[in-house]
Amino acid sequence: MTSTAHANHAETQRQLTVSCPATGDTVGSVPVHSSTDVVATATRLRAAQPRWAALGVNDRAKWLGRWRDWIFDHSDELLTLVQLESGKSWGDANIEILAGTQTINYWSDNAAKFLADQSVRPSGLANIAKKVVVSYHPHELVGVITPWNYPLAMPLLDIPAALMAGCAVLSKPSEVTPLAWQRAVQGWKDIGAPNVLDLVTGAGDTGAAVVDAVDMVMFTGSVVTGRRIGVRAAERLIPCSLELGGKDAMIVCADADLDRAVDGATWGGFFNAGQTCISVERIYVEAPAYDTFVNKLVERANALRQGMDRSRDYSVDVGAMATEQQLYTVAAHVQDAVSKGAKVLAGGTAADEGLFYRPTVLVDVDHSMACMREETFGPTLPVMKVRNAQHAVELANDSIYGLSGSVWTSDKAKGMALARQMNAGAVNINNVFMNVFQFPAPMAGWSESGIGARNGGASGIRKYCKTKSIVADRVSPKKELFWYPYTPRKGRVQSLAARLLGAKDWRRRFNRRNLMSTRETSAQ
Ligand code: ADP
């Protein structure tokens, strides 16, 4: 994600107006919630949470199922709001329903298994007579703070797991795109669901008030804001999970299916106008395939249709940038690259009207350029020729980010080997983005791309819980060896026990001095 931008909305008194980046039209407004408002909402949610937790997994799943149905029934209305506030194409918007509802189903279907008490085998002989159970207890109130790139999908990627864990959720959508999410939360209320999900609207101050009011924070957004939230969470001693920016590298080997690789690059780089944390941000192509790859990529980029179509029209591919600031960042990266010797082979300009930037292909780029090092978050694909895949890995790993990446080759073993060498939380082989939909696998950022992970099977819902380890004695002796009073004899028996149980060789197990003194003591 990139820095906060405020171009398509303006704060007047306590209202925030939202406008469409494609047309400039005002499309709605939401209140700016103060910290007092945030505390009031948090208090209401907290009051309802114990009953929600007590409902149990199956009944919670029923509510989420009804909400999923409501989302399907209102998908056109929701996606229209998504489009109006973000300026994206209908095709880009459409995927938000798919992502959101799949997430609801996964956590509803699997929460019972993931949250059940876990009986764990005690470790070591000394604990053989213990019964050990780990149980999961929801954080009462989870804050979910989201950016503007997927107004609906982004909150829906995280909130269902938190709700299924039994938490109440206080969400804070981006000030740039609050409308679709506001409607979705209204949907939760309209179906009569318990009062455990709400939103507050506003900018950074409202977000900061959320961090101060909750017991755990799930944040998606820029590194700058993520760091701020991490610091505040540390001060409050609450856990946080941060999904931040990326500079995902795509490595194309000469043996790859180049048509597929080019199509993957085109969609992976231009989907959502490049405003995806895991979008393809830079491409490294092995020398023998470079010319063919670039020619095909330019052809595909030039064929893309740009604009904002409407409901189920699918007449354009690439939509607008969500904010003027974002458009400026993209233009600045292209300008910087060109000033340092890069060539623009497609796009490279903004449209005259609306916040559109043309799908852009850059070549003759290197790592001195912002477009190869900083998150562009826009429809640009800088392509670099590399000697071989090893060279590509070195360049891919020359980054402060480590969110994800992709490798393209027809050699399966080579694909796996290269994937293992990339410093990233996820690598897709011969595809892009697909890791996000593998709910059993974690989506984690390395380096400055974040802390913690979303999804990841059991760990993806247990992160919204506190753990409790219950340890019971199956047989209780009158006294434990460790208890008072300490005596030399008990001390020696303890030392002997430590050696017998812990040492891995006979000499240390039966250390003579230790044994003798124990025998002496026993003879007394
Ligand atoms: P972007 O510019 O990509 O939206 P940001 O990280 O600036 O990325 O914003 C992501 C979300 O974080 C937004 O909902 C924003 O209002 C919120 N936010 C901004 N500053 C803070 C803060 N200090 N504390 C909590 N949330 C914040």
Side-chain angles (χ1 to χ4, degrees), residues 1-11 16 18 21 30-35 37-39 42 85-88 141-159 169-182 185 199-214 216-236 238 240-247 272-279 281 321-330 355 374-378 401 403 445 448-451:
M1 299 296 306
T2 54
S3 61
T4 312
H6 303 269
N8 70 334
H9 64 92
E11 247 179 63
L16 199 85
V18 181
V30 290
V32 176
H33 287 120
S34 67
S35 53
D37 300 330
V38 172
V39 169
E85 61 191 349
S86 69
K88 60 176 80 181
L141 185 59
V142 169
V144 177
I145 301 174
T146 45
W148 42 255
N149 54 347
Y150 297 97
L152 204 56
M154 211 38 105
L156 282 175
L157 282 184
D158 297 307
I159 287 172
V169 174
L170 176 54
S171 59
K172 211 298 277 175
S174 166
E175 58 274 35
V176 181
T177 55
L179 302 177
W181 182 244
Q182 185 187 46
V185 171
L199 85 163
V200 286
T201 46
D205 288 347
T206 309
V210 169
V211 179
D212 281 349
V214 298
M216 190 270 175
V217 187
M218 174 71 220
F219 171 76
T220 309
S222 64
V223 174
V224 173
T225 304
R227 190 171 270 130
R228 242 177 237 151
I229 289 175
V231 167
R232 186 61 191 138
E235 280 171 351
R236 294 202 54 230
I238 60 167
C240 67
S241 184
L242 309 173
E243 201 263 84
L244 309 178
K247 189 73 193 167
N272 212 37
Q275 302 166 113
T276 307
C277 52
I278 52 164
S279 68
E281 286 256 335
M321 310 303 302
T323 69
E324 211 170 280
Q325 170 64 43
Q326 205 44 53
L327 187 70
Y328 171 80
T329 303
V330 176
L355 302 182
E374 294 168 25
E375 188 174 37
T376 307
F377 220 64
Y401 295 107
L403 196 53
E448 298 202 10
S449 289
I451 290 179

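Read the numbers this way: they start at 1 and go in the same order the structure lists the ligands and their atoms.
Between Thr225 and ligand 1, at least one pair of N/O atoms sits closer than 3.5 Å. Between Trp148 and ligand 1, an N or O atom pair is found at a separation short of 3.5 Å.
The backbone N or O of Phe377 lies less than 3.5 Å from a partner atom in the side chain of Glu281, making a donor-acceptor pair. For the pair Glu85 (side chain) and Ala180 (backbone), a donor-acceptor distance under 3.5 Å is present. For Asn272 (side chain) and Asn149 (main-chain N/O), a donor-acceptor pair under 3.5 Å exists by modelled atom type. Not a single donor-acceptor pair under 3.5 Å links the side chain of Thr376 to the backbone N or O of Gly378. Side-chain atoms of Glu375 come within 3.5 Å of backbone atoms of Gly246 as a donor-acceptor pair (strictly under, hydrogens ignored).
Every atom of ligand 1 with a heavy atom of Thr146 under 4.0 Å away is listed here by number and element: 11 (C), 13 (C), 14 (O). Here is the list of ligand 1 atoms found below 4.0 Å of a heavy atom in Lys172: 13 (C), 14 (O), 15 (C), 16 (O). Ligand 1 places these atoms under 4.0 Å from at least one heavy atom of Pro173: 14 (O). Ligand-side atoms of ligand 1 in range of Gly207: 24 (N), 25 (C), 26 (N), range being under 4.0 angstrom from any heavy atom. Taking a cut-off of under 4.0 Å to the non-hydrogen atoms of Ile145, the atoms of ligand 1 that pass are 11 (C), 12 (O), 14 (O), 17 (C), 25 (C), 26 (N). The distance from ligand 1 to the heavy atoms of Ser174 drops below 4.0 Å at these ligand atoms: 14 (O).
Side chains of Tyr328 and Thr323: a donor-acceptor N/O pair is absent below 3.5 angstrom, by distance only.
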- Query: After noting the C-alpha distance and the side-chain angles of Thr276 and Tyr150, does the key distance pass the side chain to side chain contact (heavy atoms under 4.5 Å, CB included) rule?
  - Reply: CA-CA 8 Å; Thr276 307; Tyr150 297 97; 2.4 Å; yes
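For Ile229, every heavy-atom contact with ligand 1 shorter than 4.0 Å involves the side chain, none the backbone. Using a 4.0 Å cut-off between heavy atoms, Ser222 contacts ligand 1 through both its backbone and its side chain.
Residue Phe377 places no heavy atom under 4.0 Å from ligand 1. Residue contacts with ligand 1: Gly226 is excluded, as none of its non-hydrogen atoms falls under 4.0 Å.
For the atom pair SG of Cys240 and CD1 of Ile229, the computed distance is 8.0 Å after rounding to the nearest 0.5 Å.
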